[in-house]
Structure formats: C-alpha cells, structure tokens
Amino acid sequence: MDCLFCKIIDGEIPSTKVYEDEFVYAFRDIAPIAPVHVLVVPKTHICCANKIDSENSVYVSKIFEAVPKIAESENIESYRIINNCGDDAGQTVKHLHFHLLGGVKMGWSKDSLGKTE
Ligand code: AMP
Ligand code: ZN
C-alpha cells in the first residue's frame, strides 16, 4: 500500500521514534509546530477517524493508553491532541494519526478555527 505512515511503521522511511508497542507507533513530526510535536498512529492502516469501527477501535484505545506514557517521557503534563479527518479539516496523510502537541502555552479561540477562506 502506498501510504507514507505505513512505510514509516515498516521502517522503509526513516522517522524519529519516541514510542512503540504492539498496536502503536509514535514519532516526531517532520515539521513541528510546537516544542513537542509527536504523531501517534495505529500500526494498521486506518485511513481516518471516519473508518474507526468495533473491529479496529482497539488500536484507538491503545493509542490513548500510550499518550500518558509518551507525555511523561517528553516531560509534559499539559498537552493538546488533534486529529484532522478529511480534506476540509486539513488531513494531508490518509493514515489515522493524532498530533500530540505540548511544551508551549497554547491559545484557544472559539471563534477561530484557522479558516483558510
Ligand atoms: P495532517 O495534516 O493532520 O494529515 O498531518 C500530517 C503530518 O505529517 C504533518 O504535520 C506533517 O508535518 C507530518 N509529516 C509528513 N511527512 C512526515 C515524515 N516523513 N515524518 C514525520 N512527519 C511527517
Ligand atoms: Zn497507512
């Protein structure tokens, strides 16, 4: 399958790993937008959040079990998790992933979603 993150999981494309278990792979984002910017992905190809179901949701559980461990190893107690699902949300890599962002005080504006138009 021609999927960037499947290739990263398989080691065909290099990445900076920060965590791995049977279900989960986590690595540093190549273009970080925060001091800590880790991508947490399932070790199976799920294209996006719309394709999470009862068959594969164990991967999502395992991702969220891994998050506190990753946060601890990154020395952050406070963080934001973002999932972009689909083109309008800005999903560029069609393999489910959660951005784990931290190490900086972040703003939160309910009247702005960073709209492009
Ligand atoms: P999204 O826009 O939500 O689909 O996020 C995709 C993320 O993957 C972006 O933040 C990119 O910077 C990141 N990315 C793309 N290629 C690589 C790569 N080879 N290694 C690590 N991160 C990558
Ligand atoms: Zn994939």
Side-chain angles (χ1 to χ4, degrees):
M1 176 173 311
D2 192 24
C3 169
L4 176 65
F5 288 175
C6 282
K7 288 178 180 165
I8 284 178
I9 293 162
D10 289 346
E12 277 178 57
I13 291 175
S15 64
T16 306
K17 180 171 84 174
V18 300
Y19 177 86
E20 182 173 18
D21 65 31
E22 188 187 343
F23 295 89
V24 179
Y25 190 78
F27 55 103
R28 297 200 190 284
D29 195 293
I30 203 166
I33 60 166
V36 174
H37 188 169
V38 172
L39 299 175
V40 195
V41 310
K43 277 187 169 176
T44 189
H45 186 82
I46 302 169
C47 73
C48 65
N50 279 333
K51 297 296 181 189
I52 298 169
D53 58 27
S54 58
E55 300 283 303
N56 61 28
S57 61
V58 63
Y59 285 89
V60 181
S61 305
K62 295 293 183 181
I63 283 171
F64 280 88
E65 285 177 39
V67 161
K69 300 177 195 173
I70 298 166
E72 187 176 12
S73 67
E74 294 291 317
N75 287 306
I76 52 171
E77 283 186 349
S78 181
Y79 47 85
R80 183 171 293 169
I81 296 169
I82 295 174
N83 168 254
N84 297 322
C85 178
D87 292 335
D88 280 359
Q91 184 180 8
T92 58
V93 179
K94 303 298 196 271
H95 180 125
L96 180 68
H97 55 281
F98 295 88
H99 298 256
L100 175 61
L101 300 166
V104 67
K105 196 154 177 70
M106 289 171 266
W108 179 252
S109 169
K110 292 188 172 57
D111 59 10
S112 168
L113 292 171
K115 289 176 190 163
T116 55
E117 54 183 77

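Counting starts at 1 for both ligands and their atoms, in listed order. All values below were derived from every heavy atom in this structure, side-chain atoms included, with hydrogens, water molecules and symmetry-related copies excluded.
Taking the N/O/S atoms of H45 in turn, the shortest distance to the Zn ion (ligand 2) belongs to ND1.
Residue G90 has at least one N or O atom closer than 3.5 Å to an N or O atom of ligand 1. Residue contacts with ligand 1: I8 is placed with no nitrogen or oxygen under 3.5 Å of a nitrogen or oxygen of the ligand (distance criterion only). Residue-to-ligand polar distances keep I13 apart from ligand 1: every N/O pair is separated by 3.5 Å or more. Residue H37 has no nitrogen or oxygen atom sitting less than 3.5 Å from a nitrogen or oxygen atom of ligand 1, judged on distance alone. Between T92 and ligand 1, a contact under 3.5 Å exists for at least one N or O pair.
Residue A31 has at least one heavy-atom neighbour below 4.0 Å for each of these atoms of ligand 1: 12 (O). Shown in contact with F5 at under 4.0 Å from a heavy atom are these atoms of ligand 1, numbered in order with element: 8 (O). Here is the list of ligand 1 atoms found below 4.0 Å of a heavy atom in Q91: 4 (O). In summary, the atoms of ligand 1 found under 4.0 Å from a heavy atom of R28, numbered by their order in the structure, are 21 (C).
Residues V24 and I52 share a single hydrophobic cluster, defined by chaining ILVMFWY side chains whose heavy atoms lie under 4.5 Å apart.
The pair K43-D10 does not count as a salt bridge, with every side-chain nitrogen at least 4.0 angstrom from each carboxylate oxygen.
Residue D29 touches ligand 1 through backbone and side chain together, judged by heavy-atom distances below 4.0 Å. Residue F98 does not touch ligand 1, judged by heavy-atom distances below 4.0 Å.
Checking H95 against the Zn ion (ligand 2), an N/O/S atom falls under the 2.8 Å cut-off.
Under the 6.0 Å cut-off for aromatic ring centres, F98 and F64 qualify, their centroids lying closer than that.
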